[in-house]
Amino acid sequence: MSRILVINPILYTAETNRIPKVKSIRDTMIYTFCLGFLKLGHQVTLLAAQDYRPEEEEHYEFPVIFMKTAAHRIFQPRCLPYMPKLRGFLKKHPEYDLIISSEVFATWSYTAARICPEKTVIWHELAMHNRILHKIPSGIWYHLVARVMMRRTPVIPRSEAAAGFISRFLPHVADFCIDHGVDLEKFPKEGRIEKQNRFVVVSQFIDRKKIDRTILRFRDFFERGHRDYRLYLIGKGELESACRELVTRCQLEEAVIFCGQMEHERLLPLVAEAKALLISTVRDNNMVSIVESIAAGTPVVTTSVPYNAAYIRREELGIVADDWGADALEKICAENEKYVHNCNVYKEKLSNVWLAGQFVEYARLYWK
């Protein structure tokens, strides 16, 4: 049994500096990630920024520490929080056997790497420079701080793109990737789901997600004679009204269903019964919705932008094309059994328990 500290200040994405409050963090990617260690018999603690504490008190299966952030004008909590008490915390708590910190370009990762160099692993997602202040801080950090002060720190990338990027600056990058994991116990078992004539979108209604483009591509598919199909839009956001107006103009009111924000218990069956998850994003990293769709046995039709697209293409878990349209939707339906089978085979590699085991084994061998 190991004692593991996971440092991941940002628990969910905020599009503006006003971080939205949530009722629970139990559905977040990093909470599921921590559960994997717990199920393997390890003691795990999650350290997050105070700004992401949920509105209501809730019970957790493991300790969750919410640490105060400071200097918000420089270190905005939504993208680069600074926790001044982290240094003292790490010195006061030497009992952890392994520290997993998210991202190389992060004050918390630097602190962990300097205070606990013999047990810190960085789990890195970004595959390009951070856009803050025209990428100047990011450039300085990777070229100077990371190369000089963090050069001995091992890094596990979350995607092939992230591996290629961070290998330019740090020498000890693992030759494998670990994507965001899921708790497979919460997903419907293979063989118990009957696919419906349905597509799903799980996304915020914001510009970069291009939900309007997805609606238009579905319209083209619908008008080719597939009028028994439905498109379920799950999520909310500032462009929801505009999307509703588009649906009305396209005369798709009965074919496109707006579901709003949904809890996982209601969301997962809708995803599992769909022929495919549809994605038209123009800017994203690793998308949790993709991981959850594959785990539910549902293939993905996506642009090549998400970092997950590399293994979707390689393992034939769906269709990757920047200008996908009605042809792609017809293909995913015609060959649905093949893609579903591939998803059901691959999903074991997305298990939070399997991923946790990968981390522990890598750390054991690295510091052997």
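In this chain, numbering begins with 1 at the start of the sequence shown.
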Inset, instruction - Answer yes or no: is there a donor N or O on one side and an acceptor on the other, between the side chain of Thr248 and the main chain of Arg244, under 3.5 Å? - result: yes
Inset, instruction - Might you confirm whether atom NZ of Lys85 has over 12 heavy atoms from other residues, nucleotides or ligands at distances under 6.0 Å? - result: no
Inset, instruction - Using the six-membered ring wherever Trp is involved, compare the ring planes of His143 and His129 and label them parallel, tilted or perpendicular (cut-offs 30° and 60°). - result: parallel
Inset, instruction - Measure the shortest side-chain to side-chain distance between Thr281 and Pro306 over non-hydrogen atoms and say whether it is less than 4.5 angstrom. - result: yes
Legend entry - Residue pair Asn197 / Lys275, side-chain donor-acceptor N/O under 3.5 Å: yes
Inset, instruction - Please list, chain by chain and in numerical order, all residues satisfying salt bridge (Lys or Arg N to Asp or Glu O under 4.0 Å) with Asp323, sequence neighbours excluded. - result: Arg213, Arg217
Inset, instruction - Kindly say whether Ser280 contributes a backbone atom to a donor-acceptor pair with the side chain of Trp324 at under 3.5 angstrom? - result: no
Inset, instruction - Spell out, as yes or no, whether a donor-acceptor pair under 3.5 Å connects the side chain of His72 to the backbone of Ile74. - result: no
Legend entry - Pair Ser102-Asn8, side-chain donor/acceptor within less than 3.5 Å: yes
Inset, instruction - Measure from the ring center of Phe62 to the ring center of Tyr31 and say whether it is less than 6.0 Å. - result: yes
Inset, instruction - Taking atom types as modelled, find out whether Arg78 and Asn17 have a side-chain donor-acceptor pair closer than 3.5 angstrom. - result: yes
Inset, instruction - May I ask you to check whether Ser109 and Glu103 show a side-chain donor-acceptor distance below 3.5 Å? - result: no
Legend entry - Pro299 versus Asn336, closest heavy-atom pair with distance: CG-ND2, 3.9 Å
Inset, instruction - May I ask you to test the Arg158-His180 pair for a side-chain heavy-atom distance under 4.5 Å? - result: yes
Inset, instruction - Run the numbers on Lys195 and Thr298 for side-chain contact (heavy atoms from CB on, under 4.5 Å), then give the verdict. - result: CA-CA 9 Å; Lys195 292 294 184 181; Thr298 297; 2.8 Å; yes
Legend entry - Under 3.5 Å side-chain donor-acceptor pair for Asp27 and His264: yes
Inset, instruction - May I ask you to decide whether Lys349 forms a salt bridge with Glu315, counting only side-chain N to carboxylate O separations under 4.0 Å? - result: no
Inset, instruction - Flag the pair Ile257 / Leu231 as yes when at least one side-chain heavy-atom distance between them is below 4.5 Å, and no otherwise. - result: no
Inset, instruction - Look at the rings of Phe218 and Phe222 and say which category their plane angle falls in: under 30° parallel, 30 to 60° tilted, over 60° perpendicular. - result: tilted
Legend entry - Neighbour count >12 (heavy atoms, 6.0 Å) for atom CZ, Arg152: no
Inset, instruction - Identify whether the distance between the nearest side-chain nitrogen and carboxylate oxygen of Arg266 and Glu263 falls below 4.0 Å. - result: no
Legend entry - Residue Arg87 excluded, over 12 heavy atoms near CZ under 6.0 Å: no
Inset, instruction - Check whether any side-chain heavy atom of Val202 sits under 4.5 Å from a side-chain heavy atom of Leu277, and report yes or no. - result: yes
Legend entry - Pair Asn286-Tyr307, side-chain donor/acceptor within less than 3.5 Å: no
Legend entry - Least distance between heavy atoms, Val155 atom then Tyr362 atom: O-OH, 4.3 Å
Legend entry - Over all atoms of both residues, closest heavy-atom pair of Gly318 and Ile312: N-CG2, 3.8 Å
Legend entry - Flag for Tyr311-Asp179: side-chain donor and acceptor within less than 3.5 Å: yes
Inset, instruction - Identify whether the distance between the nearest side-chain nitrogen and carboxylate oxygen of Lys119 and Asp97 falls below 4.0 Å. - result: no
Inset, instruction - For the pair Tyr82 and Phe75, name the ring-plane relationship: parallel under 30°, tilted 30 to 60°, perpendicular over 60°. - result: tilted
Legend entry - More than 12 heavy atoms of other groups within 6.0 Å of Glu337 CD: no
Inset, instruction - Check whether more than 12 heavy atoms from other residues, nucleotides or ligands sit under 6.0 Å from atom NZ of Lys39, and answer yes or no. - result: yes
Legend entry - Asn130 side chain vs Ser138 backbone, donor-acceptor pair below 3.5 Å: no
Legend entry - Residue list, salt bridge (Lys or Arg N to Asp or Glu O under 4.0 Å) with Glu61, at least two apart or on another chain: Arg26
Inset, instruction - Measure from the side-chain N and O atoms of Thr120 to the backbone N and O of Ala112, and report whether any donor-acceptor pair falls under 3.5 Å. - result: yes
Inset, instruction - Would you indicate whether Glu55, at its atom CD, is surrounded by more than 12 heavy atoms from other residues, nucleotides or ligands within a distance under 6.0 Å? - result: yes
Legend entry - Polar side-chain atom of Tyr52 near backbone of Pro77 as donor-acceptor pair, under 3.5 Å: yes
Inset, instruction - Output yes when Glu273 and Arg198 qualify as a salt bridge under the 4.0 Å nitrogen-oxygen rule, no when they do not. - result: yes
Inset, instruction - Report the C-alpha distance between Tyr229 and Phe221 in whole Å, list the side-chain angles of each, state the deciding distance to 0.1 Å, and finish with yes or no for side-chain contact (heavy atoms from CB on, under 4.5 Å). - result: CA-CA 9 Å; Tyr229 274 78; Phe221 171 82; 3.6 Å; yes
Inset, instruction - Evaluate side-chain contact (heavy atoms from CB on, under 4.5 Å) for Cys333 paired with Tyr339, printing each intermediate quantity in order. - result: CA-CA 9 Å; Cys333 293; Tyr339 290 116; over 6 Å; no
Legend entry - Main-chain N/O of Ser289 paired with Ser293 side-chain donor or acceptor, under 3.5 Å: no
Legend entry - Whether Tyr60 and Phe66 hold their rings parallel, tilted or perpendicular, with breakpoints at 30° and 60°: tilted
Inset, instruction - Kindly give the heavy-atom pair with the smallest separation between Lys186 and Leu268, and that separation in Å. - result: O-CD1, 3.6 Å
Legend entry - Gln251, CD: over 12 other non-hydrogen atoms inside 6.0 angstrom: no
Inset, instruction - Locate the shortest heavy-atom distance separating Val104 from Trp141; write the atom from each residue and the value. - result: O-NE1, 2.9 Å
Legend entry - Heavy-atom pair with the smallest gap, counting every atom of Tyr96 and Ile4: CD2-C, 3.9 Å
Legend entry - Whether over 12 other heavy atoms sit under 6.0 Å from Gln261 CD: yes
Inset, instruction - Evaluate side-chain contact (heavy atoms from CB on, under 4.5 Å) for Met83 paired with Phe89, printing each intermediate quantity in order. - result: CA-CA 10 Å; Met83 301 176 294; Phe89 175 88; over 6 Å; no
Inset, instruction - May I ask you to test the His341-Lys338 pair for a side-chain heavy-atom distance under 4.5 Å? - result: no
Inset, instruction - Just say parallel, tilted or perpendicular for the rings of Tyr142 and Phe105, cut-offs at 30° and 60°. - result: tilted
Legend entry - Side-chain heavy atoms of Phe37 within contact of Ser2, under 4.5 Å: no
Inset, instruction - Return yes if a side-chain donor-acceptor contact under 3.5 Å exists between Thr303 and Asp322, otherwise no. - result: no
